[in-house]
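Note that the coordinates shown come from a computational prediction; the quantities given were computed from them, not determined experimentally. Just so it is clear: chains get the letters A, B, ... in the order the sequence lines come, proteins before strands, and each one is counted from 1.
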2 protein chains.
Amino acid sequence: MSEIITQSIQDYLKHIYELNEHGSSASTNDIATRLNIAPASVTGMLQRLANSTPPLVIYKKHQGVTLTKNGEKAALEVIRHHRLLETFLVNTLGYSWDEVHCEADKLEHVISEDFEARMAKALGNPTRDPHGELIPTADLTMPADKSCLLASLRTNETATVRRVSDDDPALLRHLRKIGVVPEVKITIKNYSEFDGNLTVKVEGQKSNVVLGTAVTSQVFVDK
Amino acid sequence: MSEIITQSIQDYLKHIYELNEHGSSASTNDIATRLNIAPASVTGMLQRLANSTPPLVIYKKHQGVTLTKNGEKAALEVIRHHRLLETFLVNTLGYSWDEVHCEADKLEHVISEDFEARMAKALGNPTRDPHGELIPTADLTMPADKSCLLASLRTNETATVRRVSDDDPALLRHLRKIGVVPEVKITIKNYSEFDGNLTVKVEGQKSNVVLGTAVTSQVFVDK
DNA sequence: TCTAAAATTTAGTCTTACCTAAATTTTATT
DNA sequence: AATAAAATTTAGGTAAGACTAAATTTTAGA
Ligand SMILES: [Mn+2]
Ligand SMILES: [Mn+2]
Ligand SMILES: [Mn+2]
Ligand SMILES: [Mn+2]
């Protein structure tokens, strides 16, 4: 009965999952932007995903999609692969954290469940990837995440860096350089009303840094 | 100018390379059998490969194909990936030698050159994979191989096992069990004219084994 | 050398997954 | 509430890579 989940479909589901995490329903345009595909093509695929057996998304014309339970499981499977792979590439092959995302994006669709299990075991069943992102469990549950945006902090607040977006290698190299990496403690020294800049004291760094929203909107912290 | 070498094309080139190693020209039917594809589909692809820029095969109607220099380089790239991956899976993730072929067949098309280089380095630039098959060098040259078929040996000859075919997991498990693995010395105790059976003394094993041609035609040795 | 079988190619289809251009629907602004 | 802009869908295509059935060519056996 159930149809083949191609690499292309896996990519759609993964990005829909991530879009659903924020504003519930994922829009055609947002999906198109993320996948670097024409919006018209996305519409076509959403219709197929909604009509497949079992349906992978719930689709209402002009109102975007959400994942069904089946779609979510398939998405979490891919995300688990991705994040385990990133961890594996860093720990086992000496990649740096800005190099792994692209490689994992290709491998995630191809490895077997056996490969997944062997990686997880070799790595000691990690719960987070090199960017601090949560790794779905083997039974495909996403652990709860209560972190908030660094951009939402204000003067005198203290927090611990939990995770950072991993898709921009240049940003990752910059964050590494200024010491903004998972589990590091930070203190907000100043918030600038006008541009949203934050002056931040980073644990273990001599001088404060001033971070714009381009940066602070990509970093998540626990207060 | 030069067109994209898809996963499908990589598979064609790889199998054509292996067929060319034996009887020079690879036939439509043999390729079809190996790829598990209808012969008519193969004809279509061979025409495309011959007309691509640059051409990847030399194709004469009804006479099969050989690889061009470009086609051969592309094939050796895939074969290098495959054999390094097999070695990596065994050494790093604890796969056994009968489990790696299938996984490597999928990964070989997807890893980056960086991944290839990191594996090679981590493994100490191996020259053979877990089945004893030669790994093409980083500059895509296939080392010379002067091994011959175990099936070609006769009574009282002595040889060293060099490599075994890796695509049949059951055969690999059997060979492991009887100790017929690369670098092991063997002696032919008897050759049976009628069925081609060889009675073989395997170094380190208590009793002799009798091997049919189904086995001896899959094992390569150096005299 | 003739002929039957085997191998190969041609012709015509299909599905996936993309595209552009045009039509439609939603939304945001006056 | 009207309308312009933005988002989305529809309609009509394309290319890759497979398929089947039928035609053709090669090969091998009598
Ligand atoms: Mn990533
Ligand atoms: Mn990550
Ligand atoms: Mn193999
Ligand atoms: Mn091998």
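- Note: CG (A/Leu35) to P (C/dC18) measures 8 Å, nearest angstrom.
- Both the sub-6.0 Å distance and the 45° axial angle are satisfied by B/Arg154 relative to the ring of B/Tyr191.
- Under 4.0 angstrom from either OP1 or OP2 of D/dT8 there lies at least one side-chain N or O belonging to A/Asn29.
- Within residues 5-17 of chain B, the residues having any heavy atom under 4.0 Å from DNA chain D are, by residue number, B/Thr6, B/Ser8, B/Tyr12.
- We find that CD of B/Gln47 is positioned 14 Å from P of D/dA18, with the value rounded to whole Å.
- B/Glu108 and B/His81 get closest at one heavy-atom pair: O-ND1, 2.9 Å.
- Between the side chains of B/Ser112 and B/Asp114, no donor-acceptor pair of N or O atoms lies under 3.5 Å.
- OP1 and OP2 of C/dT8 both lie 4.0 Å or more from every side-chain N or O belonging to B/Gln63.
- Because its NZ or CZ atom is not both nearer than 6.0 Å to the ring centre of B/Phe220 and within 45° of the ring axis, B/Arg162 does not count as a cation-pi partner of that residue.
- When the side-chain nitrogen and oxygen atoms of B/Tyr59 are compared with OP1 and OP2 of C/dT8, none of them lie within a distance under 4.0 Å.
- Between the CG atom of A/Asn51 and the C1' atom of C/dT16 there is a distance of 16 Å, given to the nearest Å.
- Ring geometry for A/Trp97 against A/His131 counts as parallel: the plane angle stays under 30°, on a 0 to 90° scale with 60° as the upper cut.
- The side chain of B/Ala40 has D/dT20 as its nearest neighbour among D/dT20, C/dC18, D/dC19.
- With B/Arg118 contributing its side chain and A/Leu93 its backbone, the two residues share a donor-acceptor pair below 3.5 Å.
- Set against C/dC19, C/dA17, D/dG17, the side chain of B/Arg48 has D/dG17 as its closest nucleotide.
- Using a 3.5 Å distance cut-off with no hydrogens or angles, the side chains of A/Asp145 and A/Ser147 do pair a donor with an acceptor.
- Atom NZ in A/Lys60 sits roughly 17 Å away from atom C1' in D/dT8 (whole-Å rounding).
- For B/His109 and D/dG17, the NE2 to P distance is 12 Å, given to the nearest whole Å.
- Considering only side-chain N and O atoms, A/Lys61 lies under 4.0 angstrom from the phosphate OP1 or OP2 of D/dT10.
- When rounded to the nearest whole Å, the span between CD1 of A/Ile37 and C1' of C/dA17 equals 8 Å.
- The distance from atom CE of A/Met45 to atom P of C/dT15 is 15 Å, rounded to the nearest whole Å.
- Taking side-chain N and O atoms only, B/Thr28 has a distance below 4.0 Å to OP1 or OP2 of C/dT9.
- For B/Glu3 and D/dA15, the CD to C1' distance is 12 Å, given to the nearest whole Å.
- In this model, the phosphate group of D/dT9 is approached by a side-chain N or O of A/Thr43 to a distance below 4.0 Å at OP1 or OP2.
- Contact of the B/Met142 side chain with the B/Leu134 side chain is registered, since non-hydrogen atoms from C-beta on lie closer than 4.5 Å.
- Listed nucleotides: C/dT9, D/dT10, C/dT25. Nearest to the side chain of A/His62: C/dT25.
- Ranked by how close their nearest DNA chain C nucleotide is to the 5' end, A/Ala38 and B/Ser41 are led by B/Ser41.
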